[in-house]
Structures are given as C-alpha cells and as structure tokens.
Amino acid sequence: MLQVSVIRENREKIVEGLKKKHFDKAALVVDQIIEVDDLRKTTQGQLDALLSESNKASKSVGEMMKQGRTAEAEVLKAQVSASKEQEKELKAKLDQAGADLENLLLSVPNMPHDSVPYGKTPEENEVYRDWTGDFPKLYEGALPHWELARKYDVFDLELGVKITGAGFPVYKGKGAKLQRALIAFFLDEAEKAGYTEILPPHVVNEASGRATGQLPDKEGQMYHIGIDDLYLIPTAEVPITNLYRDTILEEKEFPVKLCGYTPCFRREAGSYGAHVRGLNRLHQFDKVEIVRLEHPAKSYDALMEMLEHVAGLLDKLELPYRILRLCGGDMSFSSALTFDFEVYSAAQERWLEVSSVSNFETFQSNRMKLRYRDENKKTILAHTLNGSALALARIVAALLENNQTPDGIQIPAALQPYTRFAMI
RNA sequence: GGAGAGAUGUCCGAGUGGUUUAAGGAGCACGCCUGGAAAGUGUGUAUACUCCAAAAGGGUAUCGAGGGUUCGAAUCCCUCUCUCUCCGCCA
C-alpha cells in the first residue's frame with residue numbers, strides 16, 4: 001500500500017510508474033485518493049474542533065457542580081447535548097472517508113523500481129544473467145521426471161489424488177528423503193549466511209494475509225478454513241514477515257534476516273494445461289524462504305546479496321540456471337523489483353521457475369505498520385524483502401531429469417551428506 | 001467442551017463517574033555529583049491523525065477490540081477477542 005503523502009508529493013511520477021504495471025486507472029484513482037484524503041482532513045478538523053469545545057464545556061460542568069452552581073451547569077449541559085448530533089454526523093463522515101481512502105489505496109499496486117522493464121508478458125522479462133555453462137547432455141531414452149518417478153518410485157501423484165486430490169504429491173522412499181535433505185541443506189546454507197531460522201504456523205489469520213498483500217485482492221489463491229476464518233499459507237513469507245507487524249525497530253536492529261521452511265499451499269485456480277504435469281505446478285510444495293527487514297537506504301544492496309545467496313545454492317546443486325528481471329506486467333501486485341531464477345530442465349527442454357526474489361520497499365511495511373526510529377526519533381517505514389531459497393518441487397524435477405544416467409539418478413555432491421545416498 | 005479470574009504506558013503496578021493532565025516503582029536516555037564507577041539526585045521518556053511555511057507549540061483519538069449510557073467513562077452496561085487457573089478430552 002502506497003502512502004498518501006508519497007502519492008501527493010509525487011503524483012506525476014507515480015501515475016507514470018504505474019503504467020509499467022498496467023494499472024490503467026492510475027491517474028483517475030490517484031486523483032480520487034487525493035480528493036478523499038482532502039475530505040478526510042477537513043472533516044477531521046471540523047470534528048476535532050467540535051470535540052475540543054465539548055471537552056472544555058464538560059470540564060466546566062464538573063467545576064460548577066462542585067461549586068454548587070447547578071443552574072449554570074444545567075444550561076451548559078444542554079448546550080453540549082445539542083452539539084452531539086453534529087458530532088455524530090461528522091464522525092460518520094470521517095469514518096466513511098477513511099474507509100473509502102483505505103479501499104482506494106488497497107487497489108493500487110506497488111510502484112515499480114526504475115530498473116523494471118516495460119512489458120506485459122513473461123516473454124518480455126529481461127535476462128539479467130544468462131547461463132554460460134554447458135547444458136546437461138542426456139542419454140538416449142532419458143525421461144521426464146514424472147516417468148522417472150514411476151521408474152524409481154520416488155513420488156506418486158495418483159496416490160495423492162486418492163487421499164487428497166490433484167496437485168498433492170506423495171513422496172516415497174528416497175524421494176521423501178531427498179525432500180528432507182534439500183530442506184535441511186537450504187536451511188543450513190541460510191544459517192551460514194546469517195539468517196535466523198523460524199518455524200512459523202502454517203495457517204494465518206486475515207490480518208496477516210492483508211499485511212503482506214495476499215488479501216483482499218488474491219483471495220482465491222489461498223485455501224480458506226471457513227469454520228475458523230484462517231488461511232493456509234501460500235508461502236512462509238506471510239507468517240514470517242508478519243512477526244514484525246505493528247513493530248517499531250531501533251535503527252541499530254537492522255538488518256533483520258530470517259529464514260524458514262514451510263509447506264506452501266496454493267489453489268492455483270485456473271492454471272491447468274500442458275505445462276503443469278508432474279511436479280511443475282502443485283497445490284502443496286515445500287519451500288525454504290528468506291525474509292529481510294532493511295533500512296530503506298540499504299534494501300537494494302540486500303536484494304543483491306539475496307540474489308547471490310540463491311545463485312550460490314544452485315551452483316552447489318550444479319544446476320544450470322538463469323536470472324530474469326521481471327517486467328512490469330509479470331511482477332506481483334506488491335513488489336517493486338523482482339528477480340526470478342529459472343533452472344533448465346533438460347528432459348522437458350524448458351526453464352522452470354524455482355525462485356523469486358523481491359524488494360517490496362514500503363508496500364508491505366505500510367500495510368503492516370512496520371517502522372523504525374531514526375536518529376531524530378522519527379518513525380519511518382522499513383523496507384521488506386523476501387526470496388525463495390529455494391522452492392523444492394521443481395528443484396526435485398530438475399535434479400531427477402538432469403542427473404539421470406542409465407544406472408540411476410546421481411545426487412549432487414553437496415547434497416550427499418544430507419541424503420546419505422549417492423544414487424537413486 | 002465446563003467453571004472461574006483477568007487484559008492499564010517499554011515493563012511491573014495503582015486506579016469503581018469529574019484537578020487522572022493515568023499515581024507509584026522499574027527500565028532506558030541525558031545532566032549533576034564522583035579520580036572513575038556504584039549509590040544519590042534532577043530532567044525527559046507512547047502511537048496515530050491533524051493545525052502551523054518550518055521549528056516551537058496547539059487540537060483530537062487511543063487504558064484488549066467494537067458499540068452503548070452520560071454534560072463527562074480506564075471506571076457503568078452490551079457484544080467480541082485474547083490470556084491465565086482448575087476440571088474434562090487429547091498428540
């Protein structure tokens with residue numbers, strides 16, 4: 001959520017920037033925001049003045065009563081009573097203006113960073129760092145991972161359908177151990193990089209979903225538990241970032257670096273088709289997430305650091321990857337700048353998105369009231385960032401496919417201490 | 001699930017309708033004192049919105065949340081949320 005003060009001061013720049021996000025109503029909505037905010041301000045001024053008078057009068061009533069000047073007190077009482085109606089009206093007007101303003105602000109996506117390329121579709125994303133190494137050469141008869149799963153019995157989608165539904169895989173034997181190994185590996189690497197491990201709840205309340213930007217706009221993407229009004233988390237970003245909702249940090253507490261493993265639940269409504277076979281798109285998958293809270297002046301350095309952390313993970317797993325800078329049209333609603341990591345899957349002959357690293361600047365912190373106190377004791381919104389480090393299912397797909405040999409599937413050296421087997 | 005108690009500032013804690021402008025204590029910050037420290041002592045120490053060109057300084061709201069009664073509510077009433085204790089159930 002953008003701040004009204006920022007919108008007021010940078011109207012033209014914001015309208016222009018939001019074009020990148022294809023938010024066509026930008027000019028109109030920005031004008032509405034300013035108009036409603038003006039109304040809110042004048043109304044509050046009127047109400048405050050009225051309340052101030054009532055408060056003073058009430059105090060006088062108390063004094064008069066004490067001194068026994070009851071007749072005078074009664075007159076004053078009647079006066080204050082009379083102004084009540086007007087107070088009520090102004091209060092209602094103020095509440096309405098506040099609600100209208102909130103709704104307008106919630107409808108505006110984050111301002112993209114200057115470096116974000118124009119473009120609408122994933123094809124228009126910019127290749128930030130291409131893969132310069134070799135691509136795996138597979139032997140004759142190499143299989144896609146869903147065939148490999150059958151051959152080596154590492155996961156079973158049909159069993160998942162039986163007990164839950166489509167998109168909920170059951171991992172088995174070495175397949176299950178591989179999941180566990182990857183989670184432990186990713187968490188250990190994050191710890192080495194200075195991230196504190198968090199194991200949060202896997203369901204969150206509405207306030208949390210709102211703060212990180214999943215609600216109200218992306219309601220249909222999350223599983224909702226109606227009986228208790230809770231949501232299954234689509235990513236650990238939601239509970240972990242929300243640990244700091246309604247918090248004022250001291251400047252010296254930066255940077256806050258957190259990581260956590262959670263399963264992720266996504267309804268993925270409407271995304272069915274040729275590219276969703278096997279582990280490519282699931283309703284439940286495992287992921288280790290890194291989250292950072294940063295001083296605004298340092299958030300882009302932090303973003304680059306996170307980028308290198310994720311790159312390091314893929315290097316250690318010996319997977320070919322490239323980094324994309326997302327264009328305005330492919331970025332999420334709440335992000336200011338996003339880099340995606342894609343791993344090349346040789347058997348499918350396509351790139352698979354395995355990580356997304358984003359700077360949200362103040363978009364989330366404004367919604368969640370996450371601030372810090374600067375040297376002048378002023379409270380200022382912090383910047384929030386997060387990235388997948390990494391999402392498991394597609395990493396598993398790529399590992400199975402790229403490392404297959406006629407004798408089995410080779411486990412990368414870095415992972416073997418965790419799997420305690422070298423081949424599947 | 002049943003019964004009871006409770007929620008006050010950074011923390012502890014007083015406060016049952018009007019100098020509460022939230023007592024007192026602790027913590028923290030700055031100063032005095034000291035050779036230095038402790039002790040002592042003084043001052044300060046919430047958030048949001050808003051007025052003012054800015055600063056200084058005002059106004060309004062906030063005692064778990066929302067509503068109500070009243071000229072006036074931390075205090076009385078209603079609804080909700082959460083926490084604790086005991087019992088029941090249970091990994």
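Note on naming: letters A, B, ... go to the chains in the order of the sequence lines (proteins, then strands), and numbering restarts at 1 for each one.
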Touch class at under 4.0 angstrom, heavy-atom based, for A/Ile248 against every strand present
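Sugar-phosphate contact only - A/Ile248 comes under 4.0 Å of backbone atoms but never of a base.
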Donor + acceptor pair across side chains of A/Asn205, A/Tyr231 (<3.5 Å)
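Result is no, nothing qualifies.
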Between [atom2] of [N] and [atom1] of [X], the distance in whole Å:
{"X": "A/Lys252", "N": "B/C28", "atom1": "NZ", "atom2": "C1'", "value": "10 Å"}
{"X": "A/Asp38", "N": "B/U50", "atom1": "CG", "atom2": "P", "value": "11 Å"}
{"X": "A/Lys378", "N": "B/U47", "atom1": "NZ", "atom2": "P", "value": "12 Å"}
{"X": "A/Asp246", "N": "B/A65", "atom1": "CG", "atom2": "P", "value": "12 Å"}
{"X": "A/Leu47", "N": "B/G59", "atom1": "CG", "atom2": "P", "value": "16 Å"}

Distance between the C1' atoms of B/C11 and B/G27, in whole angstroms?
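B/C11 and B/G27 have their C1' atoms separated by 7 Å.
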Say we look at B/C76 and B/U70: how far apart would their C1' atoms be, to the nearest angstrom?
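10 Å, rounded to whole Å.
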Please tell me if [X] has a side-chain N or O lying less than 4.0 Å from either OP1 or OP2 of [N].
{"X": "A/Lys84", "N": "B/G72", "result": "yes"}
{"X": "A/Asn55", "N": "B/A61", "result": "yes"}
{"X": "A/Thr379", "N": "B/A48", "result": "yes"}
{"X": "A/Arg371", "N": "B/U47", "result": "no"}

Does a sphere of radius 6.0 Å around CD in A/Glu126 hold more than 12 heavy atoms from other residues, nucleotides or ligands, not counting ones at 6.0 Å or beyond?
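Check passes, neighbour count above 12.
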If you count heavy atoms of other groups shown closer than 6.0 angstrom to CD of A/Glu35, is the number above 12?
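Incorrect, the count does not exceed 12.
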Should the pair A/Tyr372 and A/Phe254 be assigned to parallel (<30°), tilted (30 to 60°) or perpendicular (>60°) ring geometry?
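Because their plane-to-plane angle is over 60°, the rings of A/Tyr372 and A/Phe254 count as perpendicular.
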